[in-house]
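Notes to accompany the following structure.
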Number of protein chains: 2
Amino acid sequence: MGLTRTEIFTEEQNQLSSWLKAMAHPARIAILQRILISNTCICGDLVDELGLAQATISQHLKELKNAGIIQGTIEGVSVCYCINPTTWKLLQSKLGGFFDSYKGEVNCC
Amino acid sequence: MGLTRTEIFTEEQNQLSSWLKAMAHPARIAILQRILISNTCICGDLVDELGLAQATISQHLKELKNAGIIQGTIEGVSVCYCINPTTWKLLQSKLGGFFDSYKGEVNCC
DNA sequence: AATTAATATCGCAATATTACGATTAATAAT
DNA sequence: ATTATTAATCGTAATATTGCGATATTAATT
């Protein structure tokens, strides 16, 4: 026990939950918002702006990268992160479909 | 350490990540999909349909309920769960705004 | 009142996450 | 070459999550 039983769920359910999991932390929401606002890439300014240690920020960036939500390229001595357009659009459409599939309130509960 | 430092983030960042966290598990995605498909309320059929123990399902339902995503009313000996319309629409619009704020790919990264 | 049913809760083991200091790796500047 | 800068990784402590068997709770049924 202690580990998620992914084998009993569909590929899609596992994929969607893994994307959501990658975003399900206030620091990672903050990082994404920062990347979205600056539109162009940002680097390690995050460490100054969020109140977390450098090692912690790096770990959060890694998780977002592993999930495919952001991508980073080395830019001299620093690293430049930005949204992965492909994943972003795919996730957006999957989530959109998910939320849209709710057809109003049936009078129960 | 080991606990999220919510105090350094905004109310909105904490709220959004807490909603996402509640959904970030394949079993809870499956539960939501099942509720969405049946449109009307569902009861404890979940235990038969997903391959998880009754205690585990009950725990997942509790998490979705605590996050405000679903609601349940006692229906005789069983409990009837369905989407919480208010939270659903709010989350949908928050997420929509979040994803829409991405303005295409800038040529970097 | 006793029995059945459907859920919730408790307690526990296994594993995962969060955070950070310390260290390492890699490039830029002196 | 040495030094500074930036980011990744390692190791570790504290806490959270996942899953389930066992037990408790609640309401209907007999």
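Throughout, protein chains are lettered first and strands after them, A, B, ... in sequence-line order, and every chain is numbered starting at 1. Computed from heavy atoms alone, side chains included, the values below leave out hydrogens, waters and symmetry copies.
Among the protein residues, A:I57 comes within range of no part of the nucleic acid, since none of its heavy atoms lies under 4.0 Å from any strand. Using a 4.0 Å heavy-atom cutoff across all strands shown, B:T4 reaches sugar-phosphate atoms only and no base atom. Counting non-hydrogen atoms under 4.0 angstrom, A:S78 reaches the backbone sugars and phosphates but no base. No contact: A:E75 has no heavy atom under 4.0 Å from any strand. Among the atoms of the strands shown, base atoms are found under 4.0 Å from some heavy atom of A:V77. Within 4.0 Å of A:A53, counting heavy atoms only, lie sugar-phosphate atoms of the nucleic acid but no base atom.
The side chain of A:H60 lies closest to C:dA19 when the candidates are C:dC20, C:dA19, C:dA8.
Going from atom CD1 of B:I70 over to atom P of C:dT7 covers 12 Å, rounded to whole Å. Straight-line distance from the CD1 atom of B:I8 to the C1' atom of C:dC20: 12 Å, rounded to whole Å. In this structure, B:N66 atom CG and D:dA16 atom P are separated by 14 Å, rounded to whole Å. The distance from atom CD of B:Q71 to atom C1' of C:dT7 is 18 Å, rounded to the nearest whole Å. Atom NZ of A:K62 and atom C1' of D:dT9 are 7 Å apart (whole Å). Atom CD1 in B:I74 sits about 15 Å away from atom P in D:dT25, given to the nearest Å. Protein atom CZ of A:R28 is 9 Å distant from nucleotide atom P of C:dT17, rounded to whole Å. Distance B:H25 NE2 to D:dA16 C1': 13 Å, rounded to the nearest Å.
Taking the nucleotide of DNA chain C with the nearest heavy atom to each of B:L61 and A:A55, the more 5' of the two is matched to B:L61. Nearer to the 5' terminus of DNA chain D, by closest-nucleotide assignment, is the contact made by A:D45 (compared with the other of A:D45 and A:R5).
Within the structure, every side-chain polar atom (N or O) of B:Y81 is placed at least 4.0 Å from both OP1 and OP2 of C:dA6. Proximity of A:K21 to the phosphate of C:dT17: a side-chain N or O atom is located under 4.0 Å from OP1 or OP2. Put simply, B:T56 has a side-chain N or O that comes within less than 4.0 Å of OP1 or OP2 on D:dC20.
Checking side-chain atoms of A:R28 against main-chain N and O of A:A22 turns up a donor-acceptor pair under 3.5 Å. Put simply, the side chain of B:N14 gets close to the backbone of B:T6: a donor and an acceptor are under 3.5 Å apart. No donor-acceptor pair closer than 3.5 Å links the side chain of A:W88 to the backbone N or O of B:Y102. When atom types are taken as modelled, the side chain of A:N84 and the backbone of A:I69 share no donor-acceptor pair closer than 3.5 angstrom. The backbone N or O of A:L50 sits nowhere less than 3.5 Å from a side-chain atom of A:R34 that would complete a donor-acceptor pair. Proximity of a side-chain donor or acceptor of B:Q13 to a complementary backbone N or O of B:T10 within less than 3.5 Å is detected.
Counting distance only, with no hydrogens placed and no angle test, the side-chain atoms of A:Q59 and the base atoms of C:dA19 include a donor-acceptor pair under 3.5 Å. At a cut-off of 3.5 angstrom, counting only N and O atoms as typed in the model, there is a donor on one side and an acceptor on the other between the side-chain of B:Q54 and the base of C:dA8.
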